[in-house]
Asker: 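Below is a structure I'd like to ask you about.
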Protein chains: 2
Amino acid sequence: MAESERVVPVHPIFLANLRDHVHHNLRDAIVAGRFQDGERLSERDLARELGVSTTPLKEALRQLESEGLVRTEARRGVYVTFGAQQAEEMSLARAALESMIARLAAKRAEPSDVERLRDLVRRMEGATAAGDITLLIDLNEAFHGHIHEASGCDYLCRLQAKQQMYNHTIRVGLLGEAEERGLALGEHRAIAEAIATGDQDAAERIMRDHVVRSGQRHVQTVFGATRLGDTI
Amino acid sequence: MAESERVVPVHPIFLANLRDHVHHNLRDAIVAGRFQDGERLSERDLARELGVSTTPLKEALRQLESEGLVRTEARRGVYVTFGAQQAEEMSLARAALESMIARLAAKRAEPSDVERLRDLVRRMEGATAAGDITLLIDLNEAFHGHIHEASGCDYLCRLQAKQQMYNHTIRVGLLGEAEERGLALGEHRAIAEAIATGDQDAAERIMRDHVVRSGQRHVQTVFGATRLGDTI
DNA sequence: CATTGAAATCTGATATATCAAGCATCAGAT
DNA sequence: ATCTGATGCTTGATATATCAGATTTCAATG
């Protein structure tokens with residue numbers, strides 16, 4: 001028996017390091033709106049508050065900067081750049097990327113992928129009817145995850161994940177509303193069928209509208225009124 | 001006379017620092033294919049070659065990592081992650097984002113924006129007829145830049161810029177072909193008209209196909225055969 | 001000869017000291 | 001009272017020393 005059937009290699013990324021801890025901490029705090037837009041961060045003070053040296057903190061800040069969540073001005077300070085408009089645009093970015101992924105999934109999906117997506121939709125129907133929000137969150141994630149897999153994309157999926165502003169708590173809040181559950185179910189069903197029939201344009205359009213809609217709902221709950229107003 | 005009419009404030013970002021130099025150097029080298037996909041980089045060696053300490057290099061590497069161009073395995077090494085597939089996906093990411101921006105531009109463009117875009121198209125026609133590639137490159141950039149402006153987007157445009165794999169040299173090569181110049185001109189004209197008439201769906205679709213097409217041409221010249229083959 | 005495992009070596013991770021630029025303060029000049 | 005500019009403090013930028021994990025080497029062992 002090959003050993004590979006009994007154990008699985010550990011991915012080196014799993015090993016914890018301070019930089020990623022700090023990065024996740026700060027990212028969560030920023031996208032949750034716990035920092036004011038434009039608020040100034042001091043590297044020294046932040047490092048002291050976090051109990052780390054400035055080296056891993058600086059690396060985490062550079063990652064956040066690359067993600068567009070902070071802006072660094074040399075010898076002046078680091079400033080948070082995340083407010084309502086950026087949240088909206090981040091949501092649109094995710095819609096654009098996720099809909100491109102859906103288009104590719106519609107083009108490349110195998111029959112087994114279609115079967116799996118339809119099965120997930122059926123189980124979503126059950127969870128929606130039962131109002132099992134925790135299960136629904138897992139199924140939603142599995143649904144989008146399988147579309148990613150069927151698309152055969154890697155970079156696009158990683159880039160899309162960086163546009164994500166939800167954590168588990170926020171998802172619970174969003175899906176707590178029965179209306180949202182119903183809308184999402186219908187959209188997921190339509191996306192699955194578009195992929196099943198290989199209709200790339202439909203898959204892209206429905207996915208885009210789905211992500212835009214749920215994103216706007218989220219942004220509104222976090223930031224209040226949105227400038228976009230009408231749907232795109 | 002207000003002083004602001006005679007001088008313009010310097011942006012703090014303009015001030016040079018080693019980190020950004022290193023980042024630009026490495027990014028250019030990677031997207032130009034001057035590193036093998038999977039090639040290992042040593043922080044110490046690279047820092048020595050570049051003549052900097054590991055601190056700014058580490059920060060540059062974290063930015064590249066956030067952009068998906070390298071992957072760091074703790075205490076093992078930093079590996080370049082950029083090959084044909086990733087180049088394709090990066091091109092698709094730009095298409096997705098740029099087409100979302102075009103959609104928003106079609107929704108929000110003012111008459112003055114439309115006038116400016118049409119003027120740029122006219123000048124592109126002239127430059128195309130004259131075969132003035134340098135001018136054409138500038139006009140292309142101005143055209144896309146003005147669509148960005150008309151869209152009112154900031155984050156989306158910055159994210160889009162990160163998907164860019166062209167530098168001036170590569171553009172000269174691409175637009176060196178008369179066929180490419182003709183195709184691009186027609187697409188630009190159609191995009192301008194879609195924005196002018198507020199046709200969001202058309203603006204998005206034409207922009208997407210435009211970016212996908214020119215991206216595939218570029219990827220093919222750099223990496224040879226593409227897996228995508230047929231157009232999406 | 002194959003295998004083991006400890007030591008040496010290499011690596012990224014982290015902490016810290018130092019540097020120079022930005023900025024505020026305030027004394028001195030007008 | 002206002003303006004000037006020198007001074008000192010704060011800040012991010014950079015270099016470097018050190019740490020501990022990962023890998024390799026190689027001699028001891030069966």
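Residue numbers begin at 1 in each chain, while the letters A, B, ... track the order of the sequences.
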Asker: Can you establish whether the number of heavy atoms outside E115(B) located under 6.0 Å from its atom CD is more than 12?
Answerer: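 Counting other residues, nucleotides and ligands, CD of E115(B) stays at 12 neighbours or fewer.
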Asker: One thing to verify: whether R116(B) and D113(B) come together as a salt bridge, which I'm taking to mean a side-chain N less than 4.0 angstrom from a carboxylate O.
Answerer: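 No salt bridge links D113(B) with R116(B).
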Asker: Any protein N or O atoms within reach of nucleotides 11-14 of chain C? Criterion: under 3.5 Å, listing atom names and distances.
Answerer:
residue, atom, partner, partner atom, Å
dG12(C), OP1, L41(B), O, 3.0
dG12(C), OP1, E43(B), N, 3.4
dG12(C), OP2, E43(B), N, 3.1
dG12(C), O4', R75(B), N, 3.1
dG12(C), N7, R44(B), NH1, 2.5
dG12(C), O6, R44(B), NH2, 2.7
dG12(C), N2, R75(B), NH1, 2.8
dA13(C), OP1, R19(A), NH2, 2.6
dA13(C), OP2, R19(A), NH2, 3.0
dA13(C), OP2, K58(B), NZ, 3.0
dT14(C), OP1, L18(A), N, 2.6

Asker: Ignoring hydrogens and geometry beyond distance, is a side-chain donor-acceptor pair present between E204(B) and Q200(B) at under 3.5 Å?
Answerer: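 Distance-only check fails for E204(B) and Q200(B).
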Asker: Walk me through whether R19(B) and E59(B) qualify under salt bridge (Lys or Arg N to Asp or Glu O under 4.0 Å).
Answerer: CA-CA 6 Å; R19(B) 177 215 318 154; E59(B) 294 183 55; 3.3 Å; yes
Asker: Regarding H23(A) and E67(A), is there a side-chain donor-to-acceptor distance under 3.5 Å anywhere?
Answerer: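 Yes.
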Asker: Are R217(A) and E180(A) within salt-bridge range, i.e. N to O under 4.0 Å?
Answerer: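 A salt bridge is present here (some side-chain N lies under 4.0 Å from a carboxylate O).
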Asker: For nucleotides 6-9 of chain D, tabulate all protein N/O to nucleotide N/O atom pairs closer than 3.5 Å, reporting atom names and distance.
Answerer:
none

Asker: Under a plain distance cut-off of 3.5 Å, with no hydrogens placed, do H148(B) and E98(B) share a side-chain donor-acceptor pair?
Answerer: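 Yes.
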Asker: Ignoring hydrogens, what is the shortest heavy-atom contact between A203(A) and I195(A)? Give both atom names and the distance.
Answerer: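 In this case the closest contact between A203(A) and I195(A) is CB-CG1, 4.2 Å.
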Asker: Who is the Watson-Crick or G-U wobble partner of dT30(C), with both distances under 3.5 Å?
Answerer: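 Here dT30(C) is engaged in a pair, and the nucleotide opposite it is dA1(D).
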Asker: Under 4.0 Å between a side-chain nitrogen and a carboxylate oxygen: does that hold for E43(A) and R62(A)?
Answerer: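 Looking at R62(A) together with E43(A), the answer is yes, because their closest N to O distance falls below 4.0 Å.
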Asker: Would you say the side chains of Q163(B) and Y155(A) form a donor-acceptor pair under 3.5 Å?
Answerer: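 Checked: Q163(B)/Y155(A) side chains pair up, N/O donor to acceptor below 3.5 Å.
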Asker: Could I get a table of every N or O pair under 3.5 Å where one atom is in the protein and the other is in nucleotides 5-9 of chain C?
Answerer:
none

